[in-house]
Amino acid sequence: MKEIWQNKKARAGLIFGAIVIVACIVLMVVKLTDRGTPVEVTKVEVNDVEQHYDTAGVMTSASSDKYYAYVGMVAKEVKVAPGDTVCKGDILATFDTSVLNEVISEKQKALNEAQESYNSAVQGVVDSENQIKEINNQIAKLNEEKAKLDPSTSSSSSINLPDFSSMTEEEIRAFIDEISSTDVSELSNTSQAIDAEIAILEARKSLAGTGSLDAMVDLYKQNLNTKRAEYNAAVEEKQLYEKGIVAQSDGKVSDVYIKEGQPYKLVEDNSGSMDLSSLLSGMDTSSLDIGSLLSSFTGTTSSSPEKGLAIVVDYYDGYTIGFTLGKYDLETVKVGMPAKINYIDYEYEGEVSYISATAQTTTDIVSSMMGGSSTTTSSSVAAEVTITNPDEKLVLGFDAKVSILVGEKKNALTIPVEALIIDEEKTYVYVIEDGKAKRKEIEVGISSETYYEVTKGLTEGDSVILNSSKIYEGEKVYER
């Protein structure tokens, strides 16, 4: 080796060879570098695309029944507790109904009094009709007497009968007193005396008129019907409580306010809804106001025990998820659209069941670190998705995720979401053309989490660059 290096020719040859090798490497690197930026490329494919609107909300129940008990009523059995699931027809609780005997007795008494008042009113009409008949007979006799008088000795009547129908009772009685106080001797002849008697009888007949009495009879009849309905409802309630409170549908117990073996204490229902007994009896509750109005006539007052909430059951057919929609969301989300509901690790089916027609505006106060504050306002509408296959795993009051299917396209031309560029409300992709990146404008339709539907600008099998946000027009690129 020492001899070789000592040989100048040999030494020069080795150096030259090394230079050639390095030059080749440099040329290769330069050639590779000159190809440009490596990029990932994918093909335009045909896929099914589903577009969803994703949100979240709190689970509530729009369908429930409230079962009531009377104060002092003792529950013999309480078969449910909050959180229990029940099926239609399940007995929820049974009661000692002896406290209802007093209620039924009071309703019976009120019914009897209403019946007596109605009978008296009807009899009053009959008496009035008989009185009018008698007055008409008297008037007829007086007219016969007047007809027998000698015309030469009589003159036309000086008494003008007023319109009694437009007069009050006091005015009619004043008219009667005025005519009655006239001395017969002051009248010019017998004919005028008869006319005075007839005028008094006509006035008395108007006082005995059955028109106002018929209206009063109608009021008494309405009151009688109300008291009868209240009595029947009380009897039916007693029968229902004896059989026990029964669930009207499948659901979950949300509240229980009764305790086995203990008298019920009042729990007021502030929802303003009608109690179950009214629903079952089919009563027209609007007529109850008439009963209150006529209580002064019948003389009855209520001393029945109060009723309050005993058990509340929320039914599965009304389980909903409430959420809000913005102005532009209304263009895509519609009532009737299918939805998926994710609650913990469970998935349920549902559909959009309600969208409010009125937007609500909310104001938020934002405080800054500098001590100032500003207000922002936003508008939205309330919406609901109803769960179509609920079960006992759902718990009211918890939040759940909602995914609404707002668009679907089968066998659509698609590109991955990573390939699309949105710039000034226009959509583009980058393709490779002659070793360079070329921006190509396209049109897209619906989108999913993974794909955009391509409606114009590309064909199946075209190549597009992924993650092209850092690529510029004309840049040298090559497929990695």
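In this model, a donor atom of one side chain and an acceptor atom of the other lie less than 3.5 Å apart for Lys43 and Ser463. A donor-acceptor pair shorter than 3.5 Å cannot be found between the side chains of Gln123 and Asn119. Between the side chains of Tyr53 and Asp329, at least one donor N or O sits under 3.5 Å from an acceptor N or O. There is a side-chain donor-acceptor pair under 3.5 Å between Asp462 and Thr459. No side-chain N or O of Thr427 forms a donor-acceptor pair with one of Glu443 less than 3.5 Å apart. Side-chain contact, Asn223 with Tyr118: no donor N or O sits under 3.5 Å from an acceptor N or O.
With hydrogens and angles ignored, the 3.5 Å screen pairs no side-chain donor or acceptor of Tyr264 with any backbone N or O of Tyr68. A donor-acceptor distance shorter than 3.5 angstrom exists from the side chain of Asn232 to the backbone of Arg228, with no hydrogens or angles considered.
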**OP:** Test salt bridge (charged side-chain N to carboxylate O under 4.0 Å, His left out) on Glu453 and Lys409 and set out the steps.
**Re:** CA-CA 8 Å; Glu453 175 199 8; Lys409 188 65 70 69; 2.7 Å; yes

**OP:** Check the pair Thr386 / Glu351 against side chain to side chain donor-acceptor pair (under 3.5 Å), numbers first and verdict last.
**Re:** CA-CA 6 Å; Thr386 297; Glu351 70 173 30; over 6 Å; no

**OP:** Mind running salt bridge (charged side-chain N to carboxylate O under 4.0 Å, His left out) on Lys410 and Glu408 for me, showing each step along the way?
**Re:** CA-CA 7 Å; Lys410 298 290 186 181; Glu408 185 177 17; 3.5 Å; yes

**OP:** Begin from the C-alpha positions of Asp250 and Tyr315 and carry the test side chain to side chain donor-acceptor pair (under 3.5 Å) through to its verdict.
**Re:** CA-CA 6 Å; Asp250 299 346; Tyr315 294 140; over 6 Å; no

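One distance of note links OH of Tyr346 with CG of Asn389; it measures 13.5 Å at 0.5 Å rounding. Note: Ile465 CD1 to Lys440 NZ = 12.5 Å, rounded to the nearest 0.5 Å. Once rounded to the nearest 0.5 Å, the distance linking CG of Leu330 with CD1 of Ile355 reads 6.5 Å. Ile387 contributes atom CD1, which lies 11.0 Å from atom CD of Glu349 (distance to the nearest 0.5 angstrom).
Within the 4.5 Å cutoff, no side-chain heavy atoms of Lys476 are placed close to those of Thr37. Side-chain contact between Ser468 and Ile421 is present, with heavy atoms from C-beta onward closer than 4.5 Å. No side-chain heavy atom of Thr414 sits under 4.5 Å from any side-chain heavy atom of Val44. The shortest distance between side-chain heavy atoms of Val103 and Tyr70 falls below 4.5 Å. Residues Val464 and Thr42 have side chains in contact (heavy-atom distance under 4.5 Å, counting atoms from C-beta outward). Side-chain contact between Val246 and Leu92 is absent, with no heavy atoms from C-beta onward closer than 4.5 Å. A 4.5 Å side-chain heavy-atom check between Val58 and Phe398 finds every atom pair outside the cut-off. Using a 4.5 Å cut-off on side-chain heavy atoms (C-beta onward), Tyr428 and Ile442 make no contact.
The local environment of NZ in Lys327 is sparse, with at most 12 non-hydrogen atoms from other residues, nucleotides or ligands closer than 6.0 Å. Other residues, nucleotides and ligands contribute more than 12 heavy atoms inside 6.0 Å of the CD atom of Gln262. Atom CD of Glu268 has 12 or fewer neighbouring heavy atoms from other residues, nucleotides or ligands inside a 6.0 Å radius.
A salt bridge is absent between Lys436 and Asp434: the closest approach of a Lys/Arg side-chain nitrogen to an acidic carboxylate oxygen does not fall below 4.0 angstrom. A salt bridge links Glu237 with Lys307: the distance from a Lys NZ or Arg NE/NH1/NH2 to an Asp or Glu carboxylate oxygen falls below 4.0 Å. Using a cutoff of 4.0 Å between basic side-chain nitrogens and carboxylate oxygens, Asp84 and Lys79 are not scored as salt-bridged.
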